[in-house]
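As a basis for the values below, the full set of heavy atoms in this structure was taken, side chains included, without hydrogen atoms, waters or symmetry mates.
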Amino acid sequence: VVHDLGQLVERVVPDHVPQCHVLVRRGRAAPTIAHIAASTEADLIVMGSHGRTLIGRWVLGSVAAEVLRDAVLPVLIVKEPAGPLEQGTLVVAVDFSDASEAALRYAGQLAADCGASLCLVHALPIGEHQSAGHAIMRETASKALQDLLERHVPSAVGSRVHVEMGMGAAAKAIAHYAVAER
């Protein structure tokens, strides 16, 4: 197993990564991953996800979901193969909670380190029609997002703000926007 992991690391991890260790441990995956990340003073846990449906997660469980829920440090879940981050765009969903502000600070630093830009997205679960009240809500959210950018994102990072409006769930609207922006 260690040999196979070593070959995977050599094939996937770029040469410019300064340090890479292969660890194999026995035990339940999620608590073991969270424990190793915390004990090695990692900055970020990166995991792949199969993207199973709700029923699939219920029947089979989801290691990524469990790590995301239980870890004490940031977790990045990748659903499909990702290209290099350099010069790309990070879409950061913001709901104005403390957790989303922490995610924005982390994403801002990641974007600065990688030369990427940020797009902040806030989804308003309201209808598509254009009433005066909806225009005020969109403008208020846009100003609040701009304020977050100014407070939490290094000025060198290119950024923009997008407020998504629709009747569906916020998660679906944000995912749809992120795919459309590719």
Open item on the list: So Glu101 and Arg151, do their side chains get closer than 4.5 Å, heavy atoms only?
Closed with: yes

- [ ] Evaluate side-chain contact (heavy atoms from CB on, under 4.5 Å) for Leu120 paired with Val91, printing each intermediate quantity in order.
- [x] CA-CA 6 Å; Leu120 271 63; Val91 175; over 6 Å; no

TODO: For residues 67-78, pull every pair meeting salt bridge (charged side-chain N to carboxylate O under 4.0 Å, His left out), keeping only residues two or more places apart or in separate chains.
DONE: none

TODO: Take Val67 and Ile45, measure what side-chain contact (heavy atoms from CB on, under 4.5 Å) needs, and give me the verdict at the end.
DONE: CA-CA 9 Å; Val67 170; Ile45 298 172; 4.0 Å; yes

Task: Separation of Leu149 CG from Cys119 SG (nearest 0.5 Å) - done: 9.0 Å

Task: From CG (Leu68) to OG (Ser62), nearest 0.5 Å - done: 8.5 Å

TODO: Might you point out which heavy atoms bring His122 and Ala141 nearest each other, and give the distance in Å?
DONE: CD2-CB, 3.9 Å

TODO: Find out whether Leu148 and Val153 are in side-chain contact, i.e. whether some heavy atom of one side chain is under 4.5 Å from a heavy atom of the other.
DONE: no

Task: Heavy-atom pair with the smallest gap, counting every atom of Ala111 and Val157 - done: CB-CG1, 3.8 Å

Open item on the list: Could you measure the distance from the CG atom of Leu145 to the CZ atom of Phe96? Nearest 0.5 Å is fine.
Closed with: 4.0 Å

With a 3.5 Å cut-off and sequence neighbours excluded, list the donor-acceptor pairs that the side chains of residues 26-33 form with protein atoms.
residue : atom : partner : partner atom : Å
Arg28   : NH2  : Glu66   : OE1          : 3.2
Arg28   : NH2  : Glu66   : OE2          : 2.5
Thr32   : OG1  : Arg28   : O            : 2.6

Task: Within-4.5 Å side-chain heavy-atom neighbours: Leu44 and Val46 - done: yes

- [ ] Say whether, by atom type as modelled, one donor and one acceptor occur between the side chain of His152 and the main chain of Arg105 under 3.5 angstrom.
- [x] no

Open item on the list: Please find the pair of heavy atoms, one from Ser100 and one from Val94, that lie closest to each other, and give the distance.
Closed with: OG-CG1, 3.7 Å

TODO: Could you tell me whether the side chain of Cys114 reaches within less than 4.5 Å of the side chain of Leu110, counting heavy atoms only?
DONE: yes

Show the atom names and distances, to 0.1 Å, of all donor-acceptor pairs under 3.5 Å that link a side chain in residues 71-78 to residues at least two apart or in another chain.
none

Task: Minimal non-hydrogen separation, Val92 against Ala107, with atom names - done: CG2-CB, 3.6 Å

